[in-house]
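Chain identifiers are assigned alphabetically (A, B, ...) following the order of the sequence lines, protein sequences preceding nucleic acid strands; residue numbering begins at 1 within each chain. Computed from a predicted model, the values in this text were never measured in an experiment.
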Protein chains: 2
Amino acid sequence: MSNFPFQRLQVDLAALISRSPAGQRLPSEPDLAKQLGVSRATLREAMRSFETQGLIRRRQGSGTFVVGKTQVMESGLEVLESLESIAKRLGLKVSVSDLSIEATVADEELAKMLNVPLGENLTRVRRVVHTDERPVAYLVDILPATFLGSKDLPADFHGSVLDFLLGRGDALKTSRANVSAIGATPEVAKALQIQRGDVLLHFYSQLFDERGKVVDYSLSYSIPGYFHFHIVRRVKIV
Amino acid sequence: MSNFPFQRLQVDLAALISRSPAGQRLPSEPDLAKQLGVSRATLREAMRSFETQGLIRRRQGSGTFVVGKTQVMESGLEVLESLESIAKRLGLKVSVSDLSIEATVADEELAKMLNVPLGENLTRVRRVVHTDERPVAYLVDILPATFLGSKDLPADFHGSVLDFLLGRGDALKTSRANVSAIGATPEVAKALQIQRGDVLLHFYSQLFDERGKVVDYSLSYSIPGYFHFHIVRRVKIV
DNA sequence: AAACTTGAAGTTGTCAGACAACTACGCAGT
DNA sequence: ACTGCGTAGTTGTCTGACAACTTCAAGTTT
């Protein structure tokens, strides 16, 4: 069962860190190791991992401290999260309209981005996200039909393909998102009830599973100002 | 001098990984430890760190492998890099025009973003970046005058405040960048030779030193399409 | 001949204990 | 009040060992 000390440890340690206030000092390594039921070497590997992520800071002779959330990344673009999930965490009310789920086939662009043959059967999910009775984002997901068929979605599907895939237990790993700015096309302008050419923030991204296969090509168009996207950037490799 | 095995190891290992082709298998841990002059425990901490960064993948009983650059972050927005540095790496020729360095004082917005009192003396650096004889980005840096005075910049200053600070040896750590889209204001439109209201990708970011102090507030306005900004996003904490 | 079983060699995962290097803090001495 | 110093406590590193897993080839069975 828990024959994976490191994974279990990582979960426990993440829980401990996340519920500790900024600047809090953690127990000493020997104590923590005993408390969490692993050796000090294994604990130190997990500590090094969290240090790499910038969540803790260690000082020889002094101790290990939880770093302030000011410069912590966990709410930025580094972590893939659905708009619905972000809004929920921020206490915003969002709703979805114009949800459409269609079958389509791969054209040149889609074949390239999804790494599938031309003409491959695909499923396209489109939706508009509203907040405060105003449309703020237009989202399109395109997936291979072998991965998500039009009829795989439940009746109460609320719009987020990402949340659905995660809930289904798919082993997703990373997403490669490109960020750009664009003027609204007629299709997008109509959906968002804005003028053609109005300024939009545009993400287009590929979602990879753990084997490196592309499982979702996603496009998003959002009206600036309603969501704040930020990134914590490292200065150097180390 | 090299009384810091881990730091030295991290550099050596990064070099080894970066010059290895994707999928390449690394030597076994005992061999590598001997070769790099550290114990296996220390080596494993470094390995765990690189695994956390997604640069390598380890499989028990099988070995450690360099992961394909397809999903590697080192060229994305996760790493703070000047436009000049990016362009150089991509083989593009860029030039700078309209470079201006002025003294100013903190208004409400600047005081908030730089975390200084109202009226504090500041230095503002503005410039336009060209490629292929066309302006593509308008950049503004604002710093406390105590940190960078108007006369601290050398005669051959080529425009990148970040590169200058790094070259000066300042201990910079991270940058918190906000990404948005915006229509060109008259000032920016004039600098970039575009129409008012044209679509621009807009970053505004705070640069922190290692003590968490804000040392630079930076604004950038770039014409979409000339640079591709991407982010690798993790699906989960682990 | 093909499929399955077994075993050995090599790899990463984990553990225990020890010592070095460093920090914080109280205490004695000035 | 200040300085210097020692001591306890912390993280940094090393050594050696064994467990768990993967791979592959040789042997066995079907």
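- Atom pair B:Leu32:CG and C:dT11:C1' shows a separation of 13 Å (rounding to whole Å applied).
- For the side-chain hydrogen bond (donor to acceptor under 3.5 Å, both in side chains) test, no residue two or more places apart in sequence or in another chain qualifies with B:Ser222.
- Looking at the side chain of A:Arg40, the nearest of the listed nucleotides D:dT10, C:dT12, D:dG12 is D:dG12.
- Ionic pairing of A:Glu51 and A:Arg48 is present here: one or more N-O contacts between side-chain nitrogen and carboxylate oxygen are shorter than 4.0 angstrom.
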Scan the side chains in residues 103-120 of chain B for donor-acceptor partners under 3.5 Å anywhere in the protein, sequence neighbours excluded, and list what turns up.
| unit_1 | atom_1 | unit_2 | atom_2 | d |
| --- | --- | --- | --- | --- |
| B:Asp107 | OD1 | B:Glu109 | N | 3.2 |
| B:Asp107 | OD1 | B:Leu110 | N | 2.8 |
| B:Glu109 | OE2 | B:Tyr217 | OH | 3.1 |

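- Judged by the 6.0 Å and 45° rule, A:Arg168 forms no cation-pi pair with A:Phe157.
- A:Arg44 comes within 4.0 angstrom of a nucleotide base, judged by non-hydrogen atoms across all strands.
- Rounded to an integer number of Å, the gap from B:Met47 CE to C:dT12 P is 6 Å.
- Remark: P of C:dT12 and CD of B:Glu51 are 12 Å apart, rounded to the nearest angstrom.
- Candidate nucleotides D:dG12, C:dA24, D:dC21 were compared by shortest atom distance to the side chain of B:Gln60, and D:dC21 ranks first.
- Side chain of B:Asp31 to main chain of B:Ser28: no donor-acceptor pair is present (N/O by atom type, distance under 3.5 Å, no hydrogens or angles).
- When the nearest nucleotides of DNA chain D are assigned to B:Thr42 and A:Asp31 by heavy-atom distance, the more 5′-ward of the two goes with A:Asp31.
- Atom CD of B:Glu45 is separated from atom P of D:dC14 by 10 Å (rounded to the nearest Å).
- Looking at the side chain of A:Ser62, the nearest of the listed nucleotides D:dT13, C:dT23, C:dT14 is C:dT23.
- When atom types are taken as modelled, the side chain of B:His202 and the backbone of B:Ser220 share a donor-acceptor pair closer than 3.5 angstrom.
- The terminal axes of the helix from C:dA1-D:dT30 to C:dT30-D:dA1, fitted over 5 pairs per end, subtend an angle of 10° to the nearest 10°.
- Residue A:Glu29 has its side chain nearest to D:dT11 when only D:dT22, C:dA16, D:dT11 are considered.
- The distance between atom CG of B:Leu43 and atom C1' of C:dT12, rounded to the nearest whole Å, is 11 Å.
- Checking B:Ser82 against B:Ser85 by side-chain atom types alone, no donor-acceptor pair falls below 3.5 Å.
- Remark: P of D:dG12 and CZ of B:Arg8 are 16 Å apart, rounded to the nearest angstrom.
- In this structure, of C:dT14, D:dT11, D:dT15, it is D:dT15 that holds the atom nearest to the side chain of B:Ser39.
- Of the residues near DNA chain C, A:Phe6 and B:Arg25, the one whose nearest nucleotide (by heavy atom distance) lies more toward the 5' end is B:Arg25.
- The side chain of A:Val38 approaches C:dC15 more closely than any other nucleotide in the set D:dT11, C:dT12, C:dC15.
- The distance from atom CZ of A:Arg57 to atom P of D:dT10 is 19 Å, rounded to the nearest whole Å.
- Contact annotation: B:Arg59 side-chain N/O to C:dT11 OP1/OP2 distance is not under 4.0 Å.
- In this structure, B:Leu148 and B:Asp216 have side chains that are not in contact, with every pair of non-hydrogen atoms separated by 4.5 Å or more.
- Distance, B:Arg48 CZ to C:dG13 P: 6 Å, rounded to whole Å.
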